[in-house]
Amino acid sequence: MSIPFVDLRSQYLSMQSQIQDRINRVLEHGQYIMGPEVVELEERLAAYTGARYCVTVASGTEALLISLMALGVGPGDEVITTPFTFVATAEVIVMLGAKPVFVDIEPDTCNLNPTLITEKITERTRVIMPVSLYGQPADMDEINAIAASHGNITVIEDAAQSFGSEYKKKKSCNLSTIGCTSFFPSKPLGCYGDGGAIFTSDEEIAQACFQIRVHGQSARYVHTRVGVGGRMDTIQCAIVLAKLERFDWEVEQRQKLGSRYNESLADIIPLVSQRYDRTSVFAQYTVFADHRDELQERLRAKGIPTAVHYPLPLNEQPAYKHFCCADCTPVTQERARQVVSLPMSAGLDARDQRKIVHTLIEALK
Ligand SMILES: Cc1ncc(COP(=O)(O)O)c(C=O)c1O
């Protein structure tokens, strides 16, 4: 039997009754939109991250969009971000009529390179939006310091892949003015559909986000600002609440698996580096391979699925390439040709992981 790339089924089976109990409670009370589980989850997640507020929303994309709307980002504004990410990061910037300014990545972590940010700041820069890629936070202190030294620039961490990780002992999502995450099913903390959350300790930003997610409503049918239909369903919140019970254990398992991959592969193939001052939740376990297609094919033939995050940088995508030339971000260009992710789930057992490692070593010969 082939090993799943992400094993959602065994995770479900291991907490089936807790998940079903939680869903059944929602079916009993019938408050499918903004039911009690929404506030319960927001309180639990705010406490987990240490941020004062959590605003659950319809997806990770919506979390980024609503955050930018809360800051009033619009035409004429610039948002500094990475081209080596899922498209949603830049999509929301362009949707609001602002301009994404792509800055290259660090070659070892694949996160936004703070040393390249300052030269891209102009009087139109409103936001810096690093992505904590593959589950490891970007260098948030450095990025916050650059933003602070230029006055009115807000930092939004796109933490869609890194919920549960830490940077200098603080939780991802609480590392800058705003943190946004995703509960897409395959994320480290996922629901069974779409979901996401915004985290902030800034009262004004939090209240703006609460309003924007319900059509800019400040009181029933009073629309104080332009908003969106961006709520997270009660049932999805209930599912995350059930999964939260085991989340610490799952993070530990992911980190054990990540360390074992690191130890077994360090001398075999270049890996995404883990920085000493932060942890990863290994949303992806990623290595760098020069002959990637061939390697993927050899692994696939032996029942090992792989994936590429991401094959085309955003500044090479048809809809975004006019914002920045591909050659302007050479590290991204090179890494996009090399990255390949191996199976990773909290439930991946040691024997299957040994098989993956062994097959990879054979495939590289
Ligand atoms: C870095 C990043 N940002 C944003 C998103 C968007 O999240 P969602 O799919 O929940 O809209 C994702 C999801 O894959 C992501 O990986």
Side-chain angles (χ1 to χ4, degrees), residues 5-6 8 41 45 54-69 79-96 100 102-103 105-106 109-112 127-138 140 143 155-165 172-173 175-176 178-199 209 212-213 228-233 236-237 239-240 243 254 272 280-286 307-315 317 319-320 332 335-336 339 341 344:
F5 185 71
V6 174
L8 292 178
L41 180 63
L45 294 180
C54 166
V55 185
T56 55
V57 291
S59 66
T61 308
E62 209 80 0
L64 296 169
L65 177 69
I66 293 172
S67 300
L68 291 172
M69 288 173 77
V79 178
I80 290 177
T81 191
T82 162
F84 200 46
T85 177
F86 181 62
V87 68
T89 313
E91 183 178 58
V92 291
I93 301 166
V94 178
M95 274 172 74
L96 292 175
F102 293 117
V103 167
I105 56 170
E106 300 169 329
T109 64
C110 294
N111 279 329
L112 190 63
V127 173
I128 305 175
M129 187 147 51
V131 175
S132 294
L133 199 72
Y134 303 143
Q136 177 177 218
M140 297 302 292
I143 295 168
V155 178
I156 300 177
E157 182 197 12
D158 180 344
Q161 303 181 9
S162 60
F163 190 83
S165 66
S172 178
C173 288
L175 301 175
S176 55
I178 302 176
C180 294
T181 199
S182 162
F183 304 123
F184 188 83
S186 59
K187 295 289 190 243
L189 182 62
C191 58
Y192 290 159
D194 277 311
I198 302 163
F199 296 85
C209 292
I212 292 167
R213 84 164 166 194
V228 293
R231 295 161 299 217
M232 182 165 163
D233 300 349
Q236 298 304 342
C237 290
I239 292 162
V240 176
K243 288 200 183 183
R254 284 176 168 278
V272 169
S280 178
V281 282
F282 296 101
Q284 313 297 343
Y285 186 87
T286 304
V308 174
H309 308 93
Y310 296 90
L312 206 56
L314 296 188
N315 51 346
Q317 293 285 357
Y320 297 89
T332 297
R335 287 313 192 203
V339 286
S341 304
M344 170 57 84

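Remember, it's a predicted structure, so these values are computed and weren't measured experimentally. For ligands, and for the atoms within them, numbers begin at 1 and follow the listed sequence.
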Subject >> Partner residues of Ala159 under the side-chain contact (heavy atoms from CB on, under 4.5 Å) criterion, sequence neighbours left out >> reply: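 Checked Ala159 against side-chain contact (heavy atoms from CB on, under 4.5 Å); matches are Glu157, Ser162, Ser172, Cys173.
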**OP:** Tell me, please, which residues at least two apart from Ser341 pass side-chain contact (heavy atoms from CB on, under 4.5 Å).
**Re:** Phe5, Gln284, Thr286, His309
Original post:
What pair of heavy atoms forms the shortest contact from Thr81 to Met129, and how long is it?
Top reply: OG1-O, 2.7 Å
Expected rows: ligand 1 N/O, protein N/O, dist below 3.5 Å:
| from | atom 1 | to | atom 2 | distance (Å) |
| --- | --- | --- | --- | --- |
| ligand 1 | 3 (N) | Asp158 | OD1 | 3.2 |
| ligand 1 | 3 (N) | Asp158 | OD2 | 2.7 |
| ligand 1 | 10 (O) | Gly60 | N | 2.8 |
| ligand 1 | 10 (O) | Ser182 | OG | 2.7 |
| ligand 1 | 11 (O) | Gly60 | N | 3.3 |
| ligand 1 | 11 (O) | Thr61 | N | 2.9 |
| ligand 1 | 11 (O) | Thr61 | OG1 | 2.5 |
| ligand 1 | 14 (O) | Lys187 | NZ | 2.7 |
| ligand 1 | 16 (O) | Gln161 | NE2 | 2.9 |
| ligand 1 | 16 (O) | Lys187 | NZ | 3.4 |

Subject >> Between CG on residue Leu175 and OG on residue Ser132, distance to nearest 0.5 Å >> reply: 7.0 Å
Subject >> Distance (rounded to the nearest 0.5 Å) between Leu112 CG and Thr85 OG1 >> reply: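 OG1 of Thr85 is found 10.5 Å from CG of Leu112.
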**OP:** Can you run down the side chain to side chain donor-acceptor pair (under 3.5 Å) pairs that involve residues 178-192, sequence neighbours left out, and say none if there aren't any?
**Re:** none
